[in-house]
Amino acid sequence: MSKTILITGSTDGIGLLTAKMLAADGHRILLHGRSQNKLEAAAAEIGENTEPYRADLSSMKDVKTLADDIRKHHHHIDALINNAGVFKTPNPLTADGYDIRIVVNTIAPFLLTKLLLPAMTPDSRVINLSSAAQAPVEPKAFRPHPNLGDGEAYAQSKLAITMWTKHLAEDLGPKGPVFVSVNPASFLGSKMVKEAYGTQGNDMSIGANILVRVTTGAEFADASGKYFDNDLGRFADPHPDALDKAKNASIVELIEELLPILS
């Protein structure tokens, strides 16, 4: 059966390749990107069964508009893949002084997910891109001018999204969609990896294939709250902090405190 699937950051890299694979299987793909030109090019490349949506995920106003636009056109979302992410950028701070890795990689997908929950059912899935790089989250990372290095900010943002994934899975329980966090594999040949490490990286289809499996595969239907490590090829424990309910709740509190400020 054809599904309606939103993939953030789907104009290049793993997001685009995943979109191509899912569209080829007959699913309706809601493409997201920051550049209108890249969105149109991606939609043309994939062909039928695509809808482009432009939004800058460093802006919570854009995130809200994106969710509103999608809700206007779709009463039901079968899957949301929070794939968009930032590692290295010339300006790591937003206009308000917050670290853009924390905002785009952690806070924006949280807000987008919450806004789209009314369009999801227990059969829907939320797939959050995590990473093998996970570092304990410092409260200062969520404050203005945190002065974080690229790797430090990225690793904290990826643990934070893993933590709120598990929190929402447990908080919503069987009434909510299936929440899964995924490390698609380390050092895949995405633009992010090339810019960060100066290497071509590994075959991106490794990551795209697992995202397709998590999105549509029966093996993940009862995997809510779990973390899949594609470096290992199986479910595994994330960083220990993501197994601590109190710490997960504190991350969600930090995010929710920031949302009114960033909006």
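- Ring centroid separation for the pair Phe142 and Tyr98 does not come in under the 6.0 Å cut-off.
- The backbone N or O of Thr106 lies less than 3.5 Å from a partner atom in the side chain of Trp164, making a donor-acceptor pair.
- Of the N and O atoms on the side chains of Asp123 and Thr121, not one donor lies less than 3.5 Å from an acceptor on the other residue.
- Side-chain N or O atoms of Ser59 include one that pairs as donor or acceptor with a backbone N or O of Asp62 at under 3.5 Å.
- Glu152 and Tyr154 form no side-chain donor-acceptor contact under 3.5 Å, judged by distance and modelled atom types alone.
- With a 4.5 Å cut-off on side-chain heavy atoms, Val126 and Met120 count as touching.
- For Thr4 (side chain) and Asp78 (main-chain N/O), no donor-acceptor pair under 3.5 Å exists by modelled atom type.
- For the residue pair Lys166 and Ser181, no side-chain donor N or O sits within less than 3.5 Å of a side-chain acceptor on the partner.
- Within the 4.5 Å cutoff, side-chain heavy atoms of Phe179 are placed close to those of Thr113.
- Salt-bridge formation is detected for the pair Asp241/Lys247: a Lys NZ or Arg NE/NH1/NH2 atom is positioned less than 4.0 Å from an Asp or Glu carboxylate oxygen.
- Side-chain N/O atoms of Asn83 and Thr18 include no donor and acceptor closer than 3.5 Å.
- No donor-acceptor pair under 3.5 Å is formed between the side chain of Asn230 and the backbone N or O of Gly233.
- Phe235 and Phe220 have their aromatic ring centers within a separation under 6.0 angstrom.
- Criterion: ILVMFWY side-chain heavy atoms under 4.5 Å apart, direct or through other members. Under it, Leu148 and Val137 are not part of a common hydrophobic cluster.
- Under 3.5 Å, the side chains of His145 and Asn147 contain no donor-acceptor pair of N or O atoms.
- Between Ser58 and Thr94, the side chains place no donor N or O within less than 3.5 Å of an acceptor N or O (distance only, hydrogens not considered).
- The backbone N or O of Gly47 sits less than 3.5 Å from a side-chain atom of Thr50, completing a donor-acceptor pair.
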